Amino acid sequence: MTDKMDNRKEDDISINIISAPNNVEPVSKSPVGNAAKDAFCIYAGMRHAVGSVIKMEDGSEVICTDNGTWQNT
């Protein structure tokens, strides 16, 4: 299967800081988990590890939580 949303793939995931328009900056140089076994959130068609943050244009932030959802900080 080639679907990007297929969490059975064993893609490495990293903690990222995301800002508009879809600028992604990794927090660490190496992956912190694997999509096959670790929780992650989806944003802009990419997987982001728990702890990743989206910085909104209005200055607010949301964080990826261990249940795979984005929550206000």
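Values in this document were obtained by computation on a predicted structure and should not be read as measured data. In this chain, residues are counted from 1 in sequence order.
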Determine, step by step, whether R47 and I42 satisfy the side chain to side chain contact (heavy atoms under 4.5 Å, CB included) criterion, reporting the C-alpha distance in whole Å, the side-chain angles of both residues, the deciding distance to 0.1 Å, and the verdict.
CA-CA 5 Å; R47 295 177 181 97; I42 300 288; 3.7 Å; yes
Between OG on residue S52 and CD1 on residue I63, distance to nearest 0.5 Å
8.0 Å
Under 3.5 Å donor-acceptor, W70 side chain and V53 backbone
no
Please list, one pair per line, the donor and acceptor atoms closer than 3.5 Å that link side chains of residues 16-28 to other protein atoms, with sequence neighbours excluded.
| unit_1 | atom_1 | unit_2 | atom_2 | d |
| --- | --- | --- | --- | --- |
| N16 | ND2 | S14 | O | 3.3 |
| N16 | ND2 | H48 | ND1 | 2.8 |
| N22 | OD1 | Y43 | OH | 3.3 |
| N23 | ND2 | A20 | O | 3.2 |
| S28 | OG | S30 | O | 2.8 |

Rounded to the nearest 0.5 angstrom, the CG-CZ distance for D12 and F40 is 12.5 Å
Have Q71 and T73 got a donor and an acceptor in their side chains that come within less than 3.5 Å?
no
Can you name the closest pair of heavy atoms from T65 and C41 and give their distance?
N-SG, 3.9 Å
Separation of D38 CG from D11 CG (nearest 0.5 Å):
12.0 Å
